[in-house]
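For reference, positions follow the sequence shown, starting with 1.
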Amino acid sequence: MRPVSRGTEEGALPPPRLVAWETTRACNLACRHCRAEAMEGPQPGELSGSEAEKMIRQIAEWKPSPILIMSGGEPLMRPDVFDLAALARDLGVTAVLSTNGTLVDAESCRMIRRTGLKRLSMSLDGPDATSHDSFRGVPGSFAALSAASALLRREGIPFQINSTVTPGNLGRTEDMLATARELGAVAFHVFLLVPVGRARDWDEAFLAPEAYETALRRLKSLEPSMGLEFKATCAPQYQRIGRETGSFSPRSGKGCLGGQGFMFVGHDGTCGACGYLPVSAGSLRRRDIREIYAGSPLFQALRDKSRYRGKCASCEYWSICGGCRARAHAAGDWLGEEPLCPHVPGTKAGSGPARGGRPQGLTPARGAGPDSPALRSAGDPS
């Protein structure tokens, strides 16, 4: 594997910090915002057990090895998920599980402990049963999540709560934080919605730029008193706000990690910069995962600021923010500017323009299947 330049940096490329693997697209819920458009059963083409084992062995060859996030769909619907988690443990790869929580029971808790999974994440999108169940599409989801939390606490298994923020629940973010504390979470991660999957046609789910900025600034003000580990995901401007308010920590890394510390592996082995950016970097069925991360045109472009366009290309915060590449793609250009960021490069905080409603140009990308122009646009040689 040859060394690859990171724009102005030289030398061998460090391994990613995180690899998220979509273990399956099968799911028992019907969430309104689902990136994967998951269904009850697995979709054709999912990586077989032997293919998944090969991938995990390749991940283990990175030193230090990335953390493997086993996600979905619902990973607990994949029959061999714990066998694969055990393999990761045996190879020295730290693995975590991202679940909706409804299938967590005493037996799965036993397997979680036995296979060495270090943490679970579970999803909470409303502070009570009415709001959460409506978002998740299945009655009883909140009750199941609460029961799962009690089991995990009893077994001493740490878990975090992930919450997707939309205009419908924005005013209840602090209530969701309080619920996360009550459930016993060790961390609270907030996701800003990206127009992909089922969210493409959910117009009322998207914050206007000024509301987006206000929400992030409110979260930044709350962070010191949260009492939980906190992270804003799919919200790279949170890093800019940290710098502007004097609360930025280099430990938090860059805002958009796509291709710069993070990679995504789809259910069929297609690799990308993140699960919300439907642009292919190559297939594990054709190339080694390390080769894809180091040499794919997609990842090389994302690491090179000179390739960016629009105001992100000239922004003084690029090195800590980078703009959401998935929302830029939804607006028509994955190397273009972040359509929800009101900041104007070179101006003081909060001086940029803001618009109401779905931001102009944020038209969801459609038809992003394996043969679509969107997936070919990265110049994938495989």
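- By the 4.0 Å N-to-carboxylate-O rule, Glu51 lies close enough to Arg285 to be salt-bridged with it.
- Judged as a ring pair (Phe, Tyr, Trp, His ring centres under 6.0 Å), and not counting sequence neighbours, Phe191 has no contacts.
- Under 4.0 Å is where a charged nitrogen must lie from a carboxylate oxygen, and between Arg57 and Glu61 no such pair does.
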Gln160 and Arg119: CA distance, side-chain angles, deciding distance, side chain to side chain donor-acceptor pair (under 3.5 Å) verdict: CA-CA 8 Å; Gln160 73 185 46; Arg119 181 184 287 191; 3.1 Å; yes

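- Closest approach of Ala52 and Arg78 over heavy atoms only: CB-NH2, 4.1 Å.
- Cation-pi contact between Lys254 and Trp318: present, with separation from the ring centre below 6.0 Å and deviation from the ring axis of at most 45°.
- One finds the OG1 atom of Thr164 at 8.5 Å from the CE atom of Met176 (value rounded to the nearest 0.5 Å).
- Ring pair His189/Phe230: centre-to-centre distance not below 6.0 Å.
- Between His329 and Leu277, the shortest heavy-atom distance links the atoms CB-CD1, 3.4 Å.
- Side-chain contact of Ser306 with Asp304: a donor-acceptor pair under 3.5 Å is present, judged by distance alone.
- Side chain to side chain, Asn28 and Thr102 meet the donor-acceptor criterion of an N or O pair below 3.5 Å.
- With a 6.0 Å cutoff to the six-membered ring centre and a 45° limit on the axis angle, Arg303 counts as a cation-pi contact of Tyr293.
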Go through Glu174 and Arg218 one step at a time and tell me if the salt bridge (charged side-chain N to carboxylate O under 4.0 Å, His left out) criterion holds. CA-CA 10 Å; Glu174 292 174 55; Arg218 175 59 177 162; 2.7 Å; yes

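- Counting non-hydrogen atoms of other residues, nucleotides and ligands closer than 6.0 Å to CZ of Arg110 gives a total above 12.
- Ion pairing between Arg240 and Glu213 holds under the 4.0 Å rule for side-chain N and carboxylate O.
- With sequence neighbours excluded, the residues forming a side-chain contact (heavy atoms from CB on, under 4.5 Å) with Glu53 are Leu84, Leu87, listed by chain and number.
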Would Asp125 and Asn162 count as a side chain to side chain donor-acceptor pair (under 3.5 Å) here? Give the steps. CA-CA 8 Å; Asp125 297 301; Asn162 296 341; over 6 Å; no

Give the intermediate values and the outcome of side chain to side chain donor-acceptor pair (under 3.5 Å) for residues Tyr212 and Gln237. CA-CA 10 Å; Tyr212 176 65; Gln237 291 80 14; 2.4 Å; yes

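- With Glu337 contributing its side chain and Pro339 its backbone, the two residues share no donor-acceptor pair below 3.5 Å.
- In the hydrophobic clustering of ILVMFWY residues, with side-chain heavy atoms under 4.5 Å counting as a link, Leu222 and Ile241 come out together.
- Thr99 places none of its side-chain heavy atoms less than 4.5 Å from the side chain of Met70.
- Looking at Lys220 and Glu223, a side-chain N of the basic residue comes within less than 4.0 Å of a carboxylate O on the acidic one, giving a salt bridge.
- Atom CZ of Arg17 sits about 15.5 Å away from atom CE of Met263, to the nearest 0.5 Å.
- For the pair Pro66 and Leu18, the tightest heavy-atom approach, listed with the atom from each and the gap, is CB-N, 4.1 Å.
- At distances below 3.5 Å, at least one donor-acceptor pair connects side-chain atoms of Lys311 with backbone N or O atoms of His343.
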Determine, stepwise, if the pair Ser121 / Ser98 fulfils side chain to side chain donor-acceptor pair (under 3.5 Å). CA-CA 5 Å; Ser121 67; Ser98 179; 3.1 Å; yes

